[in-house]
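To keep things clear, I will list the structure first and then write my remarks on it.
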Amino acid sequence: MNCSTLGIGLAGFGTVGSGVWNTLARNGHLITSRTGGGITLEVTRILVRDPAKSRATTGEVPAALFTTAWQVLVNDPAVHIVVELIGGTTDAFELVAAALRAKKPVVTGNKALLAERGIELFAISRESNTPIHFEAAVAGGIPIIRTVQDSFIGNRIRSFSGIINGTSNFILGRMTEAALTFEAALAEAQALGYAEADPTLDVNGWDAAHKALLLATLAYGFPIDPAAIHVSGIEQVRPADIAFAKSLGYVLKLLAVVREHANRAVEIRIQPSFVPKSHILASVNGVFNAVAVHGDTAGESLFYGRGAGQDPTASSVVADLVEAARALRHTGDHRGFLPYADSGTLVPVGETSTAYYVRFDVTDRPGVIAEIARLLADHRIGISGTHSPVNPDNPDADFVDMIFLLHTCPFGKLQAALTEIEALDCVNSTPVVFRIEALT
Ligand code: NAP
Ligand code: HSE
């Protein structure tokens, strides 16, 4: 290895890890020439669970590179930068912590790890003066982390809003365009390498929540307890909801909202939302993500691109690798992220306000609509519309779904009303609530 070559320990050789290998094999010469011949990146170790697995890669991967013990990778003197792409929060934590303690910069795409255990890891990063880079952790191939860290450094961030989980956006799109079932659409997302190893986090909203937490931490700089974030996923979305949204001029999206309030309080919530068809976020389809950033000086900017998948994510990882390599070459000048230097609080979700779409599963009998409406009125919640699907071939058939569109009110007020409504004997299960988002 010559003096300008830096060794990469690639922990994880699945969708993203093998994408990093392929990108370096294909475009490594560009990095060398664009850094004035200063940096050549060479994978010197690869961590996997099963070295015997057959893997489709650009060029042959020497069998001697593989190990199944992360300690071997971290402690290898030929590894100068560690890339963590194994996922999860246990082994990945040990590996990243050990790499930082060994003063080896870390590049990771693991948003769950940073959202759940970032406070511990950034403390180790500070103590060892060794950076963690995580561009790939939010919105796949979109360079949103660097943009917020660098381009918005002179802005107070007023808000982020966007679509930051590719799998759920892909699923909602396939349910809409191809009338696929939820399960069939999820299977496609998995086959395309968009979903997490355990797709539960994609569909229950937590993958988007981890990313929203990272954006909020970058912007506001105080520790955020993931358990305090309001998260609701797409599991309860039915084709009928999508069709109803469409008939009203909306598109149903899993939306992440991070917004600054007065007194250093921040609102963070993730939920299926009706987005006006005319809004640009309504046109973000398939695996694409989009993040609208509102800075007090820059105003609103929109960032759009592929939010998941092998090559887009590898693009972000490789960009971080070059940044880590540059910092190693010019020590003392690493652009680390300095989180938790500030203070702030989360706005309780009960105090956040939007309009709502609520679907009730009811037993059809005279008075059912009136009973629900009365309880909403008791809580001073205005109704902007009601709907129950009618079978044109049998207009006397009992309906099951009763939909209410509600005027803007605090979520806490709605929850109080819904608790009473759910107790009615004509209401058969917990009402399903989606937000109607007034995006500007
Ligand atoms: P993946 O396809 O499931 O690959 C995981 C890799 O890690 C596999 O090579 C696996 O080995 C290895 N591995 C897992 N646990 C291990 C352990 N305990 N010890 C040793 N090796 C282990 O996952 P991925 O989709 O590439 O995602 C990797 C990370 O990137 C995750 O944190 C994910 O959230 C993040 N990310 C993914 C995407 C995406 O579009 N997929 C986008 C952005 C960020 P084997 O190959 O032997 O099974
Ligand atoms: N599973 C994630 C998604 C990968 O679908 O957005 C990118 O973080």
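Start at 1 and go down the list; that is how both ligands and their atoms are numbered. Positions are given from 1 along the sequence. All values reported here derive from a predicted model rather than from experimental measurement.
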Heavy-atom contacts with Asn110 under 4.0 Å: which atoms of ligand 1 show up? List them by number with element.
-> 32 (O)
Heavy atom of Lys111 under 4.0 Å from ligand 1?
-> yes
Before giving the answer on ring-ring contact (aromatic ring centres under 6.0 Å, His included), spell out for His407 and Tyr356 the whole-Å C-alpha distance, their side-chain angles and the decisive distance to 0.1 Å.
-> CA-CA 7 Å; His407 285 303; Tyr356 304 92; over 10 Å; no
What residue and heavy atom of the protein are closest to atom 8 (O) of ligand 2, and at what distance?
-> Lys111 NZ, 2.5 Å
What atoms of ligand 1 come within less than 4.0 Å of a heavy atom belonging to Ile86?
-> 7 (O), 13 (N), 14 (C), 15 (N), 16 (C), 21 (N), 22 (C)
Report, in ascending order of atom number, the atoms of ligand 1 lying under 4.0 Å from any heavy atom of Gly193.
-> 39 (C), 40 (O), 41 (N)
Minimum heavy-atom distance between Val16 and Thr313, given as atom pair plus value = CG1-CG2, 3.7 Å
Relative to the heavy atoms of Lys211, which atoms of ligand 2 are at a distance of less than 4.0 Å?
-> 2 (C), 3 (C), 6 (O), 7 (C), 8 (O)
Sub-4.0 Å heavy-atom contact, Gly309 with ligand 1 = yes
Salt-bridged, Glu351 to Lys413, with N to O below 4.0 Å?
-> no
Report the part of Asp207 (side chain from C-beta onward, or backbone N, CA, C, O) that has a heavy atom under 4.0 Å from ligand 2; answer both or neither where that applies.
-> side chain
Nearest protein heavy atom to atom 5 (O) of ligand 2, by residue and atom, and its distance?
-> Thr167 OG1, 2.6 Å
Is it the side chain, the backbone, both or neither of Asp91 that has a heavy atom closer than 4.0 Å to ligand 1?
-> side chain
Considering the heavy atoms of Ala308, write down every atom of ligand 1 situated less than 4.0 Å from one of them.
-> 40 (O)
So which heavy atom in the protein is nearest atom 6 (O) of ligand 2, and how far is it from that ligand atom?
-> Gly166 N, 2.7 Å
May I ask you to check if ligand 2 and Asn289 share an N or O to N or O distance below 3.5 Å?
-> no
What's the shortest distance from atom 7 (C) of ligand 2 to any protein heavy atom, and which residue and atom give it?
-> Gly307 O, 3.2 Å
If you scan protein heavy atoms around atom 19 (N) of ligand 1, the nearest is Arg49 CG, 4.0 Å
Run the numbers for me: atoms of ligand 1, each under 4.0 Å from some heavy atom of Ala136, listed by number.
-> 43 (C), 44 (C)
Classify the contact between Val16 and ligand 1 as side chain, backbone, both or neither, using a heavy-atom distance cut-off of under 4.0 Å.
-> both
Nearest protein heavy atom with distance in Å, relative to atom 2 (C) of ligand 2 = Glu196 OE2, 3.2 Å
Flag the pair Asp320 and Arg146 as a salt bridge only when some basic side-chain nitrogen lies within less than 4.0 angstrom of an acidic carboxylate oxygen.
-> yes
Close-contact set for ligand 1 against Gly87 heavy atoms, below 4.0 Å | 31 (C), 32 (O)
Is Gly140 in contact with ligand 2, taking contact as a heavy-atom separation below 4.0 Å?
-> no
So do the side chains of Glu127 and Arg101 get within less than 4.5 Å of each other, counting heavy atoms only?
-> no
Apply the test salt bridge (charged side-chain N to carboxylate O under 4.0 Å, His left out) to residues Glu437 and Lys253: give CA-CA distance (whole Å), side-chain angles for both, the deciding distance (0.1 Å), then the verdict.
-> CA-CA 10 Å; Glu437 211 64 55; Lys253 295 288 185 191; over 6 Å; no
What protein heavy atom sits nearest atom 43 (C) of ligand 1, and how far away is it?
-> Thr313 CG2, 3.3 Å
Considering only protein heavy atoms, which is closest to atom 48 (O) of ligand 1, and at what distance to one decimal place?
-> Lys53 NZ, 2.7 Å
Specify side chain, backbone, both or neither for Asp202, according to which of its non-hydrogen atoms lie closer than 4.0 Å to ligand 2.
-> side chain
Measure from the ring center of Phe160 to the ring center of His294 and say whether it is less than 6.0 Å.
-> no
For ligand 1, is Glu84 a contact, meaning one of its heavy atoms is under 4.0 Å away?
-> no
Does Glu196 pair with Lys111 as a salt bridge, N-O distance under 4.0 Å?
-> yes
Just heavy atoms, cut-off under 4.0 Å: does Glu196 contact ligand 1 by side chain, backbone, both, or neither?
-> side chain
Aromatic ring centroids of Phe288 and Tyr304 under 6.0 Å?
-> yes
Assess whether ring-ring contact (aromatic ring centres under 6.0 Å, His included) is satisfied between Tyr340 and Phe222, documenting all intermediate values.
-> CA-CA 4 Å; Tyr340 320 129; Phe222 67 89; 9.1 Å; no
Taking 4.0 angstrom as the limit, do Arg117 and Glu120 come out as a salt bridge?
-> yes
May I ask you to check whether Ala195 has an N/O atom sitting below 3.5 Å from an N/O atom of ligand 2?
-> no
